[in-house]
Amino acid sequence: MSKNGFISSIRRLVSPEEPLASSRPCPFDQLRQQMNDVLGDGGILKEVVQSGEGPPVPENASVLIHYSGFLEYSDRPFETTTHFKYPQMMKLGRDVTLAGLELGLLTMRKGEFSRFLFQPQYAYGDMGCPPLIPAAAVILYEIQILDFLDSGQVDDFIAMSPEEQNDAPLSTLLEVVGTLRSFGNRFFNQSRYDNAKDRYKQASKLLVNRETPSDAETERIKTALLPLYLNLSFTELRLDRPHKALKYGNKALEMDSANTKALFRCGQAYLELRDYESAQSCLITAQAKKPFDSDINNLLRKVATCYKNSLDKEKELYSKMFSNLRAK
């Protein structure tokens, strides 16, 4: 649902220009007729406008949502996230402090868009929140779940001792690592590269510290580590740290010497370090694996141009040096 849909849907119900007939129910009463009672006490009413999919949001999850809050008879939200290109990832129990909002989110699924009516005890209470929220106000929230991550599982795992982490099933570790990587990817897509790097490093450290009793587990650890090293290499490039990008690219190549993404990342790092021969070597190897990859071919041409310009400048410098020597 579009951002405009968040607000326009309520505007059709609460129009301050339209006089209210005494026999006509108020806007929130009209909404109540099509809503379900979440808790059974009438305190939180819900209407699903667009269904989601998958499991409901778990407790202690981190959620990525768009939301708008309305007072009755108001066509403007008193708060909204719909103007943000990248809404903040919010952790239940910490960042989501409104009781009704948190309880409502626990009933939702990924992709779902719903409306909620919160009685004062689940919203801002009898005191309200002056000057925006009057005393004992009933509040309407429109919420869309864009995504959520089970960060509660991550928190529980991180709180364990190293011995407990090592004794935990490998499947649990891999789920935690997958969640951390998803957090990293989310931060990376928002250009929050330092945050992304921290999540990738945290995930890779958990894998490296795992004491693996069998070859099969070792291979699964390596399989999970490889994309993390590639992500770290790319992130360090975005942070203008080619030396570190090269370090993680080489770690990836130690696991898979023919990995074209790792060769490409190393080529990028060598280019930034002006080591054109090494960059060319990595990219030619990658090109042999993927001869029609436009990214590899374009970067290889760029390296060749930079290498030629570097050699020309070097030749010009030596020519001037010898010329000065002859002149003496």
Side-chain angles (χ1 to χ4, degrees), residues 1-50 57 59-108 112-148 151 190:
M1 181 163 294
S2 68
K3 294 180 181 179
N4 290 335
F6 272 44
I7 298 175
S8 62
S9 58
I10 188 62
R11 282 178 177 168
R12 289 194 295 270
L13 292 170
V14 286
S15 177
E17 290 84 5
E18 183 179 348
L20 293 174
S22 58
S23 60
R24 183 177 177 181
C26 64
F28 281 5
D29 282 342
Q30 293 182 60
L31 280 175
R32 288 187 182 94
Q33 296 173 15
Q34 58 202 49
M35 294 178 135
N36 296 315
D37 192 340
V38 173
L39 300 178
D41 63 357
I44 300 176
L45 301 181
K46 175 182 180 180
E47 176 194 10
V48 177
V49 180
Q50 176 181 303
V57 174
E59 291 186 11
N60 300 317
S62 292
V63 295
L64 193 68
I65 62 175
H66 272 309
Y67 64 88
S68 298
F70 296 87
L71 296 170
E72 195 166 22
Y73 300 111
S74 174
D75 64 344
R76 292 175 181 267
F78 59 82
E79 68 169 343
T80 184
T81 64
T82 57
H83 57 282
F84 292 128
K85 182 178 180 181
Y86 299 118
Q88 180 184 357
M89 184 75 79
M90 304 172 69
K91 183 169 176 58
L92 300 184
R94 186 186 68 195
D95 303 319
V96 180
T97 56
L98 207 67
L101 186 58
E102 181 162 357
L103 291 169
L105 286 168
L106 292 173
T107 71
M108 299 183 71
E112 180 181 328
F113 171 56
S114 291
R115 295 191 185 103
F116 293 89
L117 274 179
F118 300 136
Q119 291 298 311
Q121 66 269 30
Y122 292 103
Y124 294 92
D126 292 335
M127 299 293 292
C129 188
L132 289 177
I133 312 297
V138 178
I139 302 296
L140 170 71
Y141 266 88
E142 295 190 326
I143 307 169
Q144 184 177 32
I145 294 272
L146 304 176
D147 199 2
F148 66 82
S151 54
Q190 296 177 359

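In this text, all values refer to a predicted model and were calculated from it rather than measured experimentally.
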Quiz prompt | Distance (rounded to the nearest 0.5 Å) between Q33 CD and E47 CD | solution = 11.5 Å
Quiz item: Rounded to the nearest 0.5 Å, how far apart are CG of D75 and CZ of F70?
Solution: 8.5 Å
Side chain to side chain, [X] and [Y], heavy atoms closer than 4.5 Å:
{"X": "C26", "Y": "Y73", "answer": "yes"}
{"X": "L117", "Y": "I44", "answer": "no"}
{"X": "E59", "Y": "L92", "answer": "no"}
{"X": "P87", "Y": "L64", "answer": "yes"}

Quiz item: Looking at T80, T81, T82, which hits side chain to side chain donor-acceptor pair (under 3.5 Å) with H66?
Solution: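 Testing H66 for a side chain to side chain donor-acceptor pair (under 3.5 Å) against T80, T81, T82 leaves exactly one candidate, T81.
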Write down the atom of [X], the atom of [Y], and the distance for their closest heavy-atom approach.
{"X": "G43", "Y": "D37", "answer": "N-OD1, 4.5 Å"}
{"X": "L98", "Y": "A123", "answer": "CD1-O, 3.2 Å"}
{"X": "E112", "Y": "M108", "answer": "OE1-CA, 3.3 Å"}

Quiz prompt | Full working for side-chain contact (heavy atoms from CB on, under 4.5 Å) between I143 and L105 | solution = CA-CA 8 Å; I143 307 169; L105 286 168; 3.9 Å; yes
Quiz item: Does anything in residues 97-108 pair up under side-chain hydrogen bond (donor to acceptor under 3.5 Å, both in side chains), and if so which pairs, sequence neighbours excluded?
Solution: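 Sorted pair list: K46-T107.
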Quiz item: Which residues pass the ring-ring contact (aromatic ring centres under 6.0 Å, His included) test with F148, sequence neighbours left out?
Solution: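 With neighbours one apart ignored, the set is empty.
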Quiz item: Using the ring of each side chain (for Trp, its six-membered ring), is F78 parallel, tilted or perpendicular to Y141, with breaks at 30° and 60°?
Solution: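 Judged by the thresholds at 30° and 60°, the geometry between F78 and Y141 is perpendicular.
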Quiz item: Can you list the residues that meet the salt bridge (charged side-chain N to carboxylate O under 4.0 Å, His left out) rule with D147, with sequence neighbours excluded?
Solution: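 So D147 forms a salt bridge (charged side-chain N to carboxylate O under 4.0 Å, His left out) with K110, R186.
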Who are the side-chain hydrogen bond (donor to acceptor under 3.5 Å, both in side chains) partners of [X], not counting sequence neighbours?
{"X": "D41", "answer": "Y122"}
{"X": "S62", "answer": "S151"}
{"X": "N60", "answer": "none"}

Quiz prompt | Verdict with supporting geometry, I65 and L146, side-chain contact (heavy atoms from CB on, under 4.5 Å) | solution = CA-CA 5 Å; I65 62 175; L146 304 176; 5.8 Å; no
Quiz item: Got a donor-acceptor contact below 3.5 angstrom from the E72 side chain to the F28 backbone?
Solution: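 Checking the backbone N and O of F28 against the side chain of E72, a donor-acceptor pair under 3.5 Å is found.
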